[in-house]
*Asks:* 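Following this message is one structure expressed as structure tokens.
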Amino acid sequence: MKIWLIGAYGIVSTTAMAGAKAIEKGIVDKTGLVTALPFFAPIEEKVPFKFDFGGHEIRLLPNAFVALKEHWEQNRHFDHEILEHVKEDLTRITAKKGTALNCGSGIKGLGTIDTLEGEGLSLREIVDRISKDMRAFSDRDTVVINVASTEPVPRFSEKFHSTVEGFEQMIDEDRKEFATASMLYVYSAIKLGLPYANFTPSVGSSLPALKKLAVEKGVPHAGNDGKTGETLVKTTLAPMYAYRNLKVEGWMSYNILGDYDGKVLSARDNKESKIVSKDRVLEKALGYAPFSITEIEFFPSLVDNKTAFDFVHFRGFLGKLMKFYFIWDAIDAIVASPLVLDIARLLLFAKKHGISGVVKELAFFFKSPMDCEIVNTYEQFEILKKWFNQLARA
Ligand SMILES: NC(=O)c1ccc[n+]([C@@H]2O[C@H](COP(=O)([O-])OP(=O)(O)OC[C@H]3O[C@@H](n4cnc5c(N)ncnc54)[C@H](O)[C@@H]3O)[C@@H](O)[C@H]2O)c1
């Protein structure tokens, strides 16, 4: 299959590319991939483990290998030997210039950027260029995944964001103040009939107009924001309190991370999307909202290591207050990038079974699953398996 990555030179994208190629060559095994579990074996028939990559970027490096090497030199997030084995494949992958429209102050931390709006293009022209790039790359087995830096929460416009007609009017009237890059990428992908997944907290395909477009065009899509670290642990642990009738009084989550993602998220406007996405899960998992503090701060020397400190204050029998502390210390790209491959495969699997609109059964992979109130990891996994099983046997 083919995957078009928005943010193709980021650490998650390039690690997904490197991992896919290393697995294809038999250098590493499939640990970390959900679709490699024996339960999902039937996926091999319809969506074999073989990938071509392309994408959009705003940091115009010569190719994906240069980007991977840059990330590797800072993070050493896998063995050097793997770098050598994937060099040729990734050198052949060159991203196309994308848009960073209304992507917030955080992207200044990315260094020199080059965008379509920087060429003075109108919204219609930007969409045409994005669509042309996607069309040239794609075939019937192509999925688009947004792994670009997190955008700020956009200002919602009833007129331009709630219907397909309104959205197209916004494009035709060049009302740039109401559009964000993620909306334009989704619009282009869905218009071309390409399944889309939003691995970021940016608005993406949750915009009502774009959800309607996906239904009209018969395109499956999923999101939002990959559930990879602290939130994965939180939504796995919180059900324990619910099942044992223990009352969570307060939950503090303090995340520190470096790298580009950390730099972008250290900007207040960009960070807000992420905090909203991380914060909602507790209320959904427990059935009530305990006192909560969620913070994300930039910590340069950590580079791609993300450390989360969590403190849970809970009440038990006889009203007694007790405490639980945990520290999650993981390499972000290592926990995130296999999910990009999993989501891409499962979305294509959905398309091949004629599924369109929001694929809420993929909630298992996301922090803020679209159209799904269930955040409990176990329940989400059961839903995913049931859905997969039904399709596989169809
Ligand atoms: N790593 C994780 O565990 C994890 C989990 C959930 C979500 N995410 C999200 O995934 C995204 C990528 O994370 P990362 O660690 O790879 O970040 P990164 O900063 O390494 O990569 C982002 C890439 O996107 C590019 N980019 C930014 N805006 C763009 C735009 N408008 N169009 C095209 N390209 C653009 C940047 O130049 C950069 O190369 C972030 O939004 C992050 O919040 C990551």
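Order of appearance sets the numbers: ligands from 1, and atoms from 1 within every ligand. Count residues from 1 along the sequence.
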*Asks:* Which atoms from ligand 1 have a heavy atom of Ala336 less than 4.0 Å away?
*Replies:* 1 (N), 2 (C), 3 (O)
*Asks:* Can you list the atoms of ligand 1 that are under 4.0 Å from a heavy atom of Val147?
*Replies:* 11 (C), 12 (C), 22 (C)
*Asks:* Quick check: Thr150 and ligand 1, any N/O pair under 3.5 Å apart?
*Replies:* yes
*Asks:* Among His56, Glu230, Glu57, which one puts a heavy atom closest to atom 36 (C) of ligand 1?
*Replies:* Glu57
*Asks:* With respect to atom 7 (C) of ligand 1, which of Ile6, Asp225, Leu61 exhibits the smallest heavy-atom separation?
*Replies:* Asp225
*Asks:* Report, in ascending order of atom number, the atoms of ligand 1 lying under 4.0 Å from any heavy atom of Ala181.
*Replies:* 31 (N)
*Asks:* Relative to each other, are the rings of Phe366 and Phe199 parallel, tilted or perpendicular (30° and 60° limits)?
*Replies:* perpendicular
*Asks:* For the aromatic rings, using the six-membered ring if either is Trp, is the centroid distance between Phe40 and Phe388 under 6.0 Å?
*Replies:* yes
*Asks:* Would you check whether Arg59 has a nitrogen or oxygen atom less than 3.5 angstrom from a nitrogen or oxygen atom of ligand 1?
*Replies:* yes
*Asks:* Distance under 6.0 Å and angle within 45° of the ring axis: does Lys247 meet both against Tyr288?
*Replies:* yes
*Asks:* Just distances here: any N/O of Lys367 and N/O of ligand 1 closer than 3.5 Å?
*Replies:* no
*Asks:* Out of Phe366, Phe365, Phe199, whose heavy atom is nearest to atom 44 (C) of ligand 1?
*Replies:* Phe199
*Asks:* Ion pair present between Glu84 and Lys87, side-chain N to carboxylate O less than 4.0 angstrom?
*Replies:* no
*Asks:* Quick test of your reading of the structure: of Gly104, Ser182, Gly226, whose heavy atom lies closest to atom 6 (C) of ligand 1?
*Replies:* Gly226
*Asks:* Taking only heavy atoms of Thr228 into account, list the atoms of ligand 1 that are under 4.0 Å away from them.
*Replies:* 2 (C), 3 (O), 5 (C)
*Asks:* For residues 334-341, dump all side-chain donor-acceptor pairs below 3.5 Å to protein atoms at least two apart in sequence or in another chain.
*Replies:*
{"residue": "Ser337", "atom": "OG", "partner": "Ala333", "partner atom": "O", "Å": "2.7"}

*Asks:* Check each atom of ligand 1 against the heavy atoms of Tyr9 and keep those under 4.0 Å away; list them by number with element.
*Replies:* 39 (O)
*Asks:* Does this structure show an ion pair linking Glu230 with Lys367, if we count only N-O contacts that are shorter than 4.0 Å?
*Replies:* no
*Asks:* Report the C-alpha separation of Val215 and Lys212 in whole Å, then their side-chain angles, then the decisive distance to 0.1 Å, and conclude whether the side-chain contact (heavy atoms from CB on, under 4.5 Å) test is met.
*Replies:* CA-CA 5 Å; Val215 172; Lys212 287 175 188 158; 5.8 Å; no
*Asks:* To which of Ala148, Gly7, Pro201, Ala8 does the heavy atom nearest atom 41 (O) of ligand 1 belong?
*Replies:* Ala148
*Asks:* Is there any N or O on Thr200 that sits under 3.5 Å from an N or O of ligand 1?
*Replies:* no
*Asks:* Flag the pair Asp141 and Lys351 as a salt bridge only when some basic side-chain nitrogen lies within less than 4.0 angstrom of an acidic carboxylate oxygen.
*Replies:* no
*Asks:* Hey, which atoms in ligand 1 end up nearer than 4.0 Å to a heavy atom of Leu110?
*Replies:* 27 (C), 36 (C), 37 (O)
*Asks:* In terms of side-chain geometry, is the basic nitrogen of Lys97 or Asp114 positioned less than 4.0 Å from the acidic oxygen of its partner?
*Replies:* yes
*Asks:* What atoms of ligand 1 come within less than 4.0 Å of a heavy atom belonging to Val12?
*Replies:* 1 (N), 13 (O), 14 (P), 15 (O), 16 (O)
*Asks:* Inspect the contact between Arg124 and Asp172 and indicate whether a charged nitrogen and a carboxylate oxygen are less than 4.0 angstrom apart.
*Replies:* yes
*Asks:* Are Asp133 and His56 linked by a side-chain donor-acceptor pair shorter than 3.5 Å?
*Replies:* yes
*Asks:* Side chain, backbone, both or neither: which part of Thr99 has a heavy atom under 4.0 Å from ligand 1?
*Replies:* backbone
*Asks:* In terms of atom number and element, which parts of ligand 1 are under 4.0 angstrom from non-hydrogen atoms of Cys103?
*Replies:* 31 (N)
